[in-house]
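Here's the structure we're looking at; comments come further down.
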Amino acid sequence: MVGDLSLKFKSDIMVGMDEAKKKERYFPKEIEEKWQDKWQKENLYKFRGDSKKEKYYNLVELPYPSGDLHLGHWFAFTPADAHARYKRMSGFNVFFPNGFDAFGLPAENAAIKRGVHPQDWTMKNIETMKKQFSTMGTMIDWSHEVITCLPEYYRWNQWIFIKMFEKGLAYRGKALSNWCPVDQTVLANEHIENGKCWRCGSEVVQKEVEQWFLGITKYAESLIWPEEPKVDWPKSVREGQNNWIGRSEGMMLKFKISKKDGQSKLNMDEITVFTTRPDTTDGATFVVVAPEHPFAQQIGLENVKQYIKEAQKKTEMERKEEKVKTGVFSGEYAVNPVTGKEIPIWIADYVLATYGTGAIMAVPFADERDKDFAEKFDLPIEKTDFEAKPDGEKVVQYHLRDWSISRQRYWGTPVPMIHCEKCGIVPVPYEDLPVELPYNVDYTPKGKPPLATDEEWLNTKCPKCEGEAKRDAETLDTFFDSAWYYYRYVSSHYERGPFSEDEVRALMPVDVYFGGSEHTLGHTLYARFFTKFFKDLGLIGFDEFAKKRVQHGVILGPDGNRMSKSRGNVVNPDDIVKEYGTDAVRLYLCFMMPYEATAPWSTDAISGIYRFLHRVWDLRNKVEDGAKMDKNDLVFMNQTIKKVGDDLNSLEFNTAVSSLMTWLNHLEAKKAITMDECYVFIKILAPFAPYMTEELREKLGYKTSIHLEKWPEYDEAYLTGDKVTFAVQINGKTRDTVEIEAEYMADEDKVSQIVKESAKVSKYLEGKDIVKTIFVKGKIINFVVKN
RNA sequence: GCCCAGGUGGCGAAAUGGUAGACGCGCAACGUUCAGAACGUUGUGCCCUUAAAAGGCAUGGGAGUUCGAAUCUCCCCCUGGGCACCA
């Protein structure tokens, strides 16, 4: 009996103690759920357009609604959110919207696989992801949300497309295209990986397809980045885009076809070649044309016909992979305009039909490829001194090709065009927009566009002659959707145009655009193209849509490989949030490496962050009324305020977090801290850990949100302490460090005098002549000595 | 082949002409505990040294500029990304 009683008594005390301790302990889950609700109810993150503060447009690439936020999303969004929060605390009116890039193949593929309608699949995923976003604790204002698959958005895709059509920028053309036989669609070059479809991995084939193009090449010149652009974009992006556009200056040269026998059956007199090196024309010993060139088509020789046939069988991929050059002599000759000599004309597929004129002059002396060819077919090689001056037209050529924009798929923006037998292609009148995507359509692959199977939708009246006509059954590439969505954010429900020009004037251009490097040659280039087009339409007044572009790195799996389901190395953010809480995940993502870097996720290292948060949680227990701050404490505080602020501003998140840690170490070493120290610490931690800091502030007795607080100001007078440490060097080698009163930090003579008293230093100076003294204020004194 | 970004402890990384390795992980010893976990304290680049002091060596390799170089210049090697017969 007694034993039982004492046991009961003991365990009661234990439970009581645990409860008391529990209340004081940091439990992220409870706090985070509490504040998610509260922030939402209080509309804390609502953007106020009428504010007089300076605007700051913080933009992260809009996600694709795959149905799950992965660690990559967290890495893209949470440091960007910390930046946005800092900007807001430092007095800016921050606009941080988000949306979903909701059209596209994955929805259609998933739908086909699982028998769910793409729209239902997409909208359900968006719902799930928005919940996950609220866990993330960002200050995104969802009232400006854009979902690209909704008619209120794609209506304006159609509007823009028709404007482009009117300007001759959207046109119907036929082209040999990359065709995916499984997805039954045309693919852009960017969507082919090693000759295979980026989605389904099947072999891409070449097929002549009629399709819509956007004339981005008309903007090639204005899309070229200047040496020193006015906006802050990474060099890698600027140079990557410039290489992709591939501007080269050269000359069109005419080579007369030799007709000395007077019996040529050809219906052309000359071949025009493009060269960037007209100064080598005297070294041109033969001419080569592509198999598709009109000249080649006219040659009657059997072996030539055979060669052309075989070349056309090969895909562009196969041709590019070939290492050995092939070709055939046409039997005809041309005249070198500089030397007057007759030179043979060859047909070979190392010359591309789609670049320049599809014909070149071969200068084997100066060009590696021509040299290979000349050696293989025993053609002459003649020296050039690079001084030839042929007559020709100076031209600029671009590597960039027009953008194939139409897709033979269902889940996209319908092309707003009508095909009429009498009137040809007629745009849908503006007042009839949007052309809505019908819901009940058989979207399984049939070899023709799914929309073409919906007769009711397809058949319509021609807006011009009112006769029978058919709608265009193709849909737009989703890169069209994402090329201008950030304009739509500013007035996401605007009905009189794609965007309110007033709102754009007030909020654009974007101040910082966060995203991935995979969009260097696709999305960001198209976005710049649309911006130039909008400017030409007179809708906007600037040239570049984003003042600054930052590209985040990649978080690899713990094994150092890219995360993938097949490798089984996927780290699920939801699991980590469950274990450590959102604040820890956010803080760790900021801390683990620079934003631009690529490195593996470490499951262990986040525990250090978790420990840090627990220590912050307990910090207020050290606050005492009688606590004092000495000079050193003040310097620590002011330096940290400055460092964290500067780093958040310049997106150096990792060093910002580490300086918070250093200050915490200092505060913990003190017996007691002041309320000021505790409160300032919480404030400057707030952009990284919005939940915990909000909770702590409430515990300190405040009623309003910490996220509406102003960033603390630092005091210049306390950025340096009473003493500074000088490194004392002899011939550039540090031999000692000496503490000097701060008032002498700029006084070379005084510092020199104090420093020479050091035993270590005097040992090195003994018996030597000081030839020179180098003095760096507050840091270094270096004696250059000679024996 | 061309263009871009990199190469620093056992690991993630700081330092962008001025004390290399801040901060964090990991590891070790000690404390706490019946024990473990958690937590706390101290230590932790390498070599020499019982240890300390002192010294030497170290930022992919080699040269150079400089009083002083991870940082700037040149050559070479390696890794990641992009482009690639563009005349």
Side-chain angles (χ1 to χ4, degrees), chain A residues 189-190 234-248 250 273-277 280 284 288 290 319-323 325 348-352 354-363 366-370 372-373 397-401 517-518 520-521 551 553-554 556 560 587-588 591-594 596-609 611-612 614-615 618 652 654-665 668 725-738 760 763 770-785:
Chain A
N189 283 334
E190 297 92 283
K235 198 179 172 196
S236 60
V237 175
R238 290 185 277 118
E239 302 219 336
Q241 293 191 349
N242 281 356
N243 288 340
W244 184 253
I245 295 165
R247 183 185 201 275
S248 44
V273 305
F274 172 71
T275 180
T276 52
R277 297 303 302 265
T280 64
V288 190
R319 275 203 217 174
K320 283 179 177 174
E321 275 164 16
E322 258 169 27
K323 287 191 184 94
K325 289 192 169 48
D349 66 5
Y350 83 92
V351 173
L352 303 174
T354 48
Y355 185 76
T357 61
I360 61 148
M361 64 173 197
V363 185
D367 187 287
E368 268 306 308
R369 297 155 302 180
D370 297 343
D372 283 353
F373 194 78
Q397 289 286 312
Y398 300 94
H399 169 208
L400 185 73
R401 304 205 199 151
S517 56
E518 70 274 23
T520 296
L521 299 182
Q551 299 195 332
V554 181
L556 305 170
L587 206 57
Y588 180 56
F591 177 65
M592 68 182 284
M593 59 181 177
E596 297 84 356
T598 291
W601 175 265
S602 161
T603 316
D604 287 332
I606 194 173
S607 62
I609 289 288
R611 253 191 294 254
F612 168 77
H614 270 102
R615 287 158 57 204
D618 294 337
E652 293 164 278
N654 56 334
T655 47
V657 177
S658 74
S659 64
L660 281 164
M661 289 172 165
T662 309
W663 189 28
L664 181 67
N665 290 345
E668 284 189 330
T725 309
F726 269 82
V728 187
Q729 302 183 333
I730 313 294
N731 290 342
K733 252 191 159 54
T734 303
R735 294 300 179 182
D736 197 10
T737 55
V738 178
K760 279 188 205 167
K763 189 176 95 186
I770 297 176
V771 193
K772 198 174 166 189
T773 304
I774 283 125
F775 181 78
V776 183
K777 180 187 154 190
K779 278 183 178 161
I780 295 254
I781 184 156
N782 181 15
F783 300 108
V784 184
V785 300

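Every chain is numbered from 1 and lettered A, B, ... according to where its sequence line falls, protein lines coming before strand lines.
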Taking only the C1' atom of each, what is the distance from B/A14 to B/A70 in whole angstrom? 11 Å

What integer number of Å spans the P atoms of B/C2 and B/G21? 39 Å

Base-contact (B) and sugar-phosphate-only (S) positions in nucleotides 11-23 of chain B, heavy-atom cut-off under 4.0 Å, - elsewhere: -BSSS--BB--BB

How many whole angstroms separate atom CZ of A/Phe612 from atom C1' of B/C25? 15 Å

For nucleotides 51-56 of chain B, give me every protein contact, N/O to N/O, under 3.5 Å, one pair per line with atom names.
| unit_1 | atom_1 | unit_2 | atom_2 | d |
| --- | --- | --- | --- | --- |
| B/A54 | OP1 | A/Lys760 | NZ | 3.4 |
| B/G55 | OP1 | A/Tyr764 | OH | 3.1 |
| B/G56 | OP1 | A/Arg735 | NH1 | 3.3 |
| B/G56 | OP1 | A/Arg735 | NH2 | 3.4 |
| B/G56 | OP2 | A/Arg735 | NH1 | 3.3 |

Measure all distances between protein nitrogen or oxygen atoms and nitrogen or oxygen atoms of nucleotides 38-43 of chain B, and list the pairs falling under 3.5 Å.
| unit_1 | atom_1 | unit_2 | atom_2 | d |
| --- | --- | --- | --- | --- |
| B/C39 | OP2 | A/Arg611 | NH1 | 3.3 |

Rounded to the nearest 0.5 Å, how far does CG of A/Leu556 lie from OG1 of A/Thr598? 6.0 Å

Roughly, in whole Å, what's the span from CZ in A/Arg401 to P in B/C83? 14 Å

Polar contact flag, side-chain donor to acceptor under 3.5 angstrom, A/Ser248-A/Tyr355: yes

Quick one: are A/Ile245 and A/His399 in side-chain contact, heavy atoms under 4.5 Å? no

Watson-Crick and G-U pairing of RNA chain B, under 3.5 Å, as dot-bracket with | and [ ]: (((((((..(((.....[....)))((((((.......))))))(((.......)))..(((((..]....))))))))))))....

Cation over ring, A/Lys325 on A/Phe373, under 6.0 Å and within 45°? no

Mind checking the P distance from B/G1 to B/U8? Whole angstroms is fine. 24 Å

Which way is the base of B/G9 turned, syn or anti, if we draw the line at 90° from 0? syn

Counting N and O atoms only, with roles assigned by atom type, does the side chain of A/Asn731 sit under 3.5 Å from a partner on the main chain of A/Val785, one being a donor and the other an acceptor? yes

Say we look at B/U16 and B/A5: how far apart would their C1' atoms be, to the nearest angstrom? 15 Å

Nearest-Å distance once atom C1' is located in both B/G62 and B/C78: 15 Å

Please state the P separation for the pair B/A58 and B/G9 - nearest whole angstrom. 14 Å

Can you check whether A/Asn665 reaches A/Phe612 side chain to side chain, under 4.5 Å on heavy atoms? no

Salt bridge (Lys or Arg N to Asp or Glu O under 4.0 Å) pairs, two or more places apart, involving residues 234-245 of chain A: none

Aromatic contact, A/Trp601 with A/Tyr588 (centres under 6.0 Å): yes

With no hydrogens and no angle check, is any side-chain donor or acceptor of A/Asp367 less than 3.5 Å from a backbone partner on A/Asp370? yes

note: A/Arg277, atom CZ; B/A87, atom C1'; distance rounded to Å ~ 11 Å

Between B/A37 and B/G31, how far apart are the C1' atoms? Round to whole Å, please. 16 Å

Check: A/Ile774 and A/Phe783 side chains under 4.5 Å, non-hydrogen atoms: no

So how far is it from A/Asn243 CG to A/Leu400 CG, rounded to the nearest 0.5 Å? 12.5 Å

Can you tell me, in whole Å, how much space there is between the C1' of B/U33 and that of B/C39? 11 Å

Tell me: CD of A/Glu518 to P of B/C83, nearest whole Å? 12 Å

Give a yes or no answer on whether the side chain of A/Gln241 reaches the backbone of A/Leu521 with a donor-acceptor pair at less than 3.5 Å. no

What residues, two or more places apart in sequence or in another chain, satisfy salt bridge (Lys or Arg N to Asp or Glu O under 4.0 Å) together with A/Lys760? A/Asp736

Rounding to a whole Å, what distance do you find between A/Lys325:NZ and B/A87:P? 14 Å

Among the candidates B/C67, B/A5, B/A87, find the nucleotide nearest to the side-chain atoms of A/Lys235. B/A5

Evaluate side chain to side chain contact (heavy atoms under 4.5 Å, CB included) for A/Thr725 paired with A/Lys779, printing each intermediate quantity in order. CA-CA 7 Å; A/Thr725 309; A/Lys779 278 183 178 161; over 6 Å; no

Separation of atom CD in A/Gln551 from atom C1' in B/G81, rounded to whole Å: 11 Å

Toward the 5' end of RNA chain B, by each residue's nearest nucleotide, A/Tyr350 or A/Asn731: A/Asn731

Residues A/Ile781 and A/Phe726: closest non-hydrogen pair is N-CD2, 4.1 Å

For A/Ile781 and B/G68, what is the distance between atoms CD1 and P respectively, to the nearest whole Å? 17 Å

Spacing of A/Leu664 atom CG relative to B/G24 atom C1', expressed in whole Å: 13 Å

More 5' along RNA chain B: A/Ser602 or A/Gly246, using each one's nearest nucleotide? A/Ser602

